[in-house]
Number of protein chains: 2
Amino acid sequence: MSERTVPRYAVLASQLRADILARRLKPGDPLPTEAQLSAAFGVSRFTVREALRALAGEGLIRRRRGSGTRVADGRPALRQALADTRALLQYAAASSFQISPARPVSLRAPEAALLGRPPGEPWLHVRGIRVMDGAAAPIAVTDAYLHPRFAPVVDRLESGHEALFSQLARLAGLRITRVTQEIQAVNATAAEAGLLGIGRGAACLRIIRHYFEDGDSLVEMSCSVHPGERFTYMVETSG
Amino acid sequence: MSERTVPRYAVLASQLRADILARRLKPGDPLPTEAQLSAAFGVSRFTVREALRALAGEGLIRRRRGSGTRVADGRPALRQALADTRALLQYAAASSFQISPARPVSLRAPEAALLGRPPGEPWLHVRGIRVMDGAAAPIAVTDAYLHPRFAPVVDRLESGHEALFSQLARLAGLRITRVTQEIQAVNATAAEAGLLGIGRGAACLRIIRHYFEDGDSLVEMSCSVHPGERFTYMVETSG
DNA sequence: GAGTGGTCTAGACCACTAA
DNA sequence: TAGTGGTCTAGACCACTCT
């Protein structure tokens, strides 16, 4: 009765990730060596390395030849929060999202251009406001567009901590394999300024995301606007 | 008389990358299968996969189980330009950078806070303006801070297409292993607006980068300000 | 059913770090 | 010098796509 289709390296990575996020392994602490992990979990060194590669890609650990592997220091919160679709979930978990009821729209010219889609295309529109846990002012206003095929389930979408695409995964078997993001600086419009509680013209980060399913079909788009002074996007890369 | 210390997968990746960037392989074109590449280059499948993994990470190719590997479509220009330090070089190659002479500074309070360093710390400061090839208006004004140990060579830094850290690699054996980036939206100051030819208060992307060498020693920092309407930061992730 | 990429094993040698 | 992570080989089985 063993699990299937979830790779062993992913299981191992989740376990180590949980240890780090729960601070059972603290910043600076050494991880077991590859040989030790390999023996302890009864998997090959390849599998161990795949797991550690994932964690390194998320910025959670740091590796050095000859020296070893240690838990990365630095803020554990939003750092590299958007490294991959798994990490996107963690980001969503630290904030909550108040959404409006979904309604069908056909893209008008300006939003079509913004999203890079043909005008008139049908989508399901949801407007959401994101607030970090414990904070008062919102960190984003988001316009999300869902593929019309989700029409039967959009009424069951809920506000809260769970990301939209995660809810859709549960409700409709959606499986995102790729996300593109375009990040730009824009001056807040009057409407955005009102929603975010900032001055008109204040600098904002606008992040346009396109979510693709297996086989490159576009299933969700979103345009988020974050107040400049309340939001920093962090990326870390090694190579 | 073979090369050393440059891994075979990196050689293979460079070769395929060059084919793609030179459009000998066009968007949508299929790449040879892993087995074919393995046979053609006389390396194991592992080595082929490491090379392809690198290209996929840069957003240059797209892979699908059962289906094959194809050159990614979409703008080849700045997309995922900052995926890793190698790609950073390509980004620098498509633009040129006019720099001022380096001079020693000790960080004043505001810039120290911005860069996350203690006030008074000694660095070598270089101011640079970046212009895309063939364009008139600049896409960035950058303040770079180099580690004082580079003092003997900073006079040999040149304007042009080569990135600062790449020049330092050549001149002083620098080897960057990690880069962190913080991206924020800010309103242009009067000084920035003047340098960039935009209106005061226009939304700009500010990217603060920290460059680390082997062993986590900080060797370069930079703060770049890009006009919002001329610069988009793109990220693509799969998982 | 043939062929693709994804996962995984059991080895090996090497570059590098630290003691 | 002993031990680390980085590279690499030669296999294997599987999930998936395409026909």
Side-chain angles (χ1 to χ4, degrees), chain A residues 2-14 16 29-57 60-72 84 86 173 175 177-178 212-217 238-239, chain B residues 2-14 16 29-57 60-72 84-86 173 175 177-178 213-217 238-239:
Chain A
S2 66
E3 302 305 317
R4 78 225 73 268
T5 71
V6 51
R8 298 187 200 186
Y9 71 80
V11 174
L12 176 49
S14 306
L16 294 170
D29 285 356
L31 266 69
T33 69
E34 295 183 354
Q36 288 167 345
L37 287 170
S38 172
F41 289 86
V43 298
S44 75
R45 201 182 151 209
F46 169 87
T47 303
V48 169
R49 283 182 63 77
E50 285 295 305
L52 295 178
R53 157 131 60 180
L55 298 180
L60 289 174
I61 62 174
R62 195 146 315 147
R63 321 201 65 198
R64 253 177 99 205
R65 166 165 32 191
S67 172
T69 302
R70 312 186 94 87
V71 177
D84 63 0
R86 283 173 222 96
R175 221 181 51 174
T177 58
R178 197 163 62 90
F212 296 88
E213 208 177 16
D214 264 20
D216 274 0
S217 57
S238 29
Chain B
S2 66
E3 303 303 318
R4 78 226 74 269
T5 70
V6 52
R8 297 186 202 185
Y9 71 82
V11 174
L12 176 51
S14 304
L16 294 170
D29 284 357
L31 266 71
T33 68
E34 295 183 353
Q36 288 167 345
L37 287 169
S38 171
F41 289 87
V43 297
S44 76
R45 202 183 149 206
F46 169 87
T47 303
V48 169
R49 283 182 64 75
E50 285 296 306
L52 295 178
R53 158 131 58 183
L55 297 179
L60 290 174
I61 62 173
R62 194 146 317 145
R63 320 201 65 198
R64 257 176 95 205
R65 167 166 26 191
S67 171
T69 302
R70 311 186 94 87
V71 178
D84 61 0
T85 47
R86 284 173 221 98
R175 223 182 48 174
T177 58
R178 197 162 62 90
E213 209 178 13
D214 262 22
D216 273 0
S217 58
S238 29

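Per chain, numbering begins at 1; letters A, B, ... match sequence-line order. Because the structure is a prediction, the values reported are computed rather than measured. Side chains included, hydrogens not; waters and symmetry mates left out as well; all remaining heavy atoms used.
Between Ile61(A) and Leu16(A), the closest side-chain pair of non-hydrogen atoms is not below 4.5 Å.
Taken residue by residue, residues 31-41 of chain B places heavy atoms nearer than 4.0 Å to DNA chain C at Thr33(B), Glu34(B). Residues from residues 45-53 of chain B that place a heavy atom under 4.0 Å from any atom of DNA chain D, listed by number: Arg45(B), Phe46(B), Thr47(B).
Considering only residues two or more places apart in sequence or on other chains, Arg70(A) meets the salt bridge (charged side-chain N to carboxylate O under 4.0 Å, His left out) condition with none of them. Residues that satisfy the side chain to side chain contact (heavy atoms under 4.5 Å, CB included) test with Arg53(A), not counting sequence neighbours, are Glu50(A), Glu50(B), Arg53(B). Taking the side chain to side chain donor-acceptor pair (under 3.5 Å) definition, one finds that Thr69(A) meets it with Arg63(A), sequence neighbours left out. The side chain to side chain contact (heavy atoms under 4.5 Å, CB included) check on Ser14(A) picks up Arg17(A), with sequence neighbours excluded. Here Pro32(A) pairs with Gln36(A), Leu37(A) under the side chain to side chain contact (heavy atoms under 4.5 Å, CB included) rule; sequence neighbours left out.
Within the 4.0 Å cut-off from OP1 or OP2 of dT17(D), not a single side-chain nitrogen or oxygen of Ser67(B) is found. One finds no side-chain N or O of Arg64(B) lying less than 4.0 angstrom from the OP1 or OP2 phosphate oxygen of dT4(C). Side-chain N/O atoms of Tyr9(B) include one lying less than 4.0 angstrom from OP1 or OP2 on dT7(D).
Distance alone, capped at 3.5 Å, places no donor-acceptor pair between the Thr47(B) side chain and the Arg8(B) backbone.
Straight-line distance from the CZ atom of Arg65(B) to the P atom of dT7(C): 6 Å, rounded to whole Å. Rounded to whole Å, atom P of dG5(C) lies 13 Å from atom CG of Leu55(B). Whole-Å rounding puts the Arg8(B) CZ to dA15(C) C1' distance at 15 Å.
When each of Gly66(A) and Val43(A) is assigned the nucleotide of DNA chain C bearing its nearest heavy atom, the one mapping closer to the 5' terminus is Val43(A).
When every heavy atom of Ala51(A) is checked against every heavy atom of Ala13(A), the shortest pair comes out as CB-N, 3.8 Å.
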